[in-house]
Amino acid sequence: MKIRPKRLQVGDTVGIIAPASPPNFEKLTKSFAFLEELGLKYVIGKSVQLQNGYLAGTDEERLSDLHEMIEDPNIAAILCASGGYGAARIAERIDYQLLEENPKIFWGFSDITYLHTAFGLYSDIVTFHGPTLSSMGREDVAERSKHMFKQLFEPAEIHYEEDISMLTTVSGGAVRGELTGGNLTLIVSSIGTKYEIDTKGKILLIEDIGLEPAQIDGLLNQLKLSRKLDEVAGVIIGEFTNAEPKEYVDSLTIDEVFTHYFGKLGKPVVKGFKMGHCEPNVAIPLGVDAILDADRKHLAILPGVQ
């Protein structure tokens, strides 16, 4: 069992960082009111308002923000302002023991997937796959996206059934295993590195945005060839936003791609979870045990905080 960070209390201070690309600062600013509604104070990292091309400041500046937030005893949680690109650039220089010795909530998704995987491997800590703060500043944010932040204040199981979204069984069965994964592109980019995702006996979450079915096919084939799909206990297919074919007129559909890789996997696989680049974006803890029942189309997840 990985280390579960302490729950938040009303009045706690959270640290906001941008370990990848710079956020839309107007949308980020709008999210501050939501944090205040939760009863939280906040501190903004220095690199959040910096820009170095497609990065939020230099690698050194983004790394420094992360380390400062981990070390500061007054910071109860670290929330990522944005995704984009660049989190992997600082992975090799992170002090993973520092987070293991000072466990606290770490929250984000998309490009932040790389850090989720790295922290799970080298800090042995539960992290949270949830919407970035800049996405919480949009006008179309669903109430369920907001509600999922409540799991940080009180240990509670998460139960996902078809009352949230329509689910489809791709491969039947039921299994218990540790949750891992996130953005499919970032998962595959970890293969062959010291941060390579470990799927052995685990339930794998995948989601992505803006990829054609052919591109998703290529990524899933890489998971297959690297034996990551052989090792999984089950698969949660989240949202694949804007996955319409563009280049190939006679394209396979995304559902046909999923059926090809998962239909005969012989392990529980369910698609349709509102996790990823979507509304609502249902936040879940990574590194805790979950039960995926593909026959009943039900996912139960243990609490991520203590």
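Remember, predicted model here, so these are calculated numbers, not experimental data. Keep in mind that the numbers below use all heavy atoms, side chains included, and drop hydrogens, waters and symmetry copies.
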Do side-chain atoms of S123 reach the backbone of L99 as a donor and acceptor pair under 3.5 angstrom? no
Any link between I197 and L220 through a network of hydrophobic side chains (Ile, Leu, Val, Met, Phe, Trp, Tyr) touching at under 4.5 Å? yes
Taking the six-membered ring for Trp, are the ring centroids of F128 and F109 within less than 6.0 Å of each other? no
Pair T199-L229, side chain to side chain contact (heavy atoms under 4.5 Å, CB included): steps then yes or no: CA-CA 8 Å; T199 64; L229 296 186; over 6 Å; no
Do K194's NZ or CZ and the ring of Y122 fall within the cation-pi criteria of under 6.0 Å and 45°? yes
Give the minimum heavy-atom separation between V126 and P5, together with the two atoms involved. O-CD, 3.8 Å
Indicate yes or no: does K202 engage E231 in a salt bridge with an N to O separation below 4.0 Å. no
For I90 against L63, the heavy-atom pair lying closest together: O-CD1, 4.1 Å
Measure the CD-CG distance between E178 and L286 for me, rounded to the nearest 0.5 Å. 9.0 Å
Which is it for E100 and F119 under the side chain to side chain contact (heavy atoms under 4.5 Å, CB included) test, yes or no, and what are the steps along the way? CA-CA 9 Å; E100 186 173 5; F119 288 147; over 6 Å; no
Pair D208, T185 - check side chain to side chain donor-acceptor pair (under 3.5 Å), show working. CA-CA 7 Å; D208 221 310; T185 298; 2.7 Å; yes
For the residue pair Y261 / D217, report whether a side-chain donor-acceptor contact shorter than 3.5 Å exists. yes
What are the two closest heavy atoms between K246 and E212, and how far apart are they? N-OE1, 2.8 Å
I291 and H298: CA distance, side-chain angles, deciding distance, side chain to side chain contact (heavy atoms under 4.5 Å, CB included) verdict: CA-CA 8 Å; I291 297 174; H298 177 260; 6.0 Å; no
Taking every heavy atom of T113 against every heavy atom of G181, the minimum-distance pair comes out as CG2-O, 3.8 Å
Exercise: do T193 and E196 side chains pair donor with acceptor under 3.5 Å: no
Got a sec, which pairs hit salt bridge (charged side-chain N to carboxylate O under 4.0 Å, His left out) with one end in residues 266-290, sequence neighbours left out? R138-E279, R176-D289, E239-K274, D255-K271
Before giving the answer on side chain to side chain donor-acceptor pair (under 3.5 Å), spell out for N102 and E71 the whole-Å C-alpha distance, their side-chain angles and the decisive distance to 0.1 Å. CA-CA 7 Å; N102 300 276; E71 287 181 301; over 6 Å; no
Rounded to the nearest 0.5 Å, what's the gap from CG on L225 to CG on N221? Could you check? 4.0 Å
Between the main-chain N or O of P131 and the side-chain N or O of W107, is there a donor-acceptor pair closer than 3.5 Å? yes
For V305 and R4 the tightest heavy-atom approach is O-NH1, 3.0 Å
Assert yes or no for the condition that the ring centre distance of F240 to H277 is strictly below 6.0 Å. no
Using a strict cut-off of less than 4.0 Å between a Lys/Arg side-chain nitrogen and an Asp/Glu carboxylate oxygen, indicate whether E36 and K41 qualify as a salt bridge. no
E157 vs H159, test: side chain to side chain donor-acceptor pair (under 3.5 Å). Steps then yes/no. CA-CA 6 Å; E157 290 187 5; H159 292 269; 3.0 Å; yes
Give the other cluster members for Y54, using side-chain heavy-atom distances under 4.5 Å between Ile, Leu, Val, Met, Phe, Trp and Tyr residues; answer none if it is isolated. L55, Y85
Output for pair (C80 SG, L133 CG), nearest 0.5 Å, gives 8.5 Å
Please, which pairs that meet side chain to side chain donor-acceptor pair (under 3.5 Å) have at least one residue in residues 43-52, sequence neighbours excluded? K46-E68, S47-D65
Which pair of heavy atoms, one from I158 and one from A283, lies closest together, and at what distance? CD1-O, 3.8 Å
Atom pair CD (E162) and CE (M166), whose distance is rounded to the nearest 0.5 Å: 7.5 Å
Can you tell whether the side chains of K297 and D293 come within less than 4.0 Å, N to carboxylate O? no
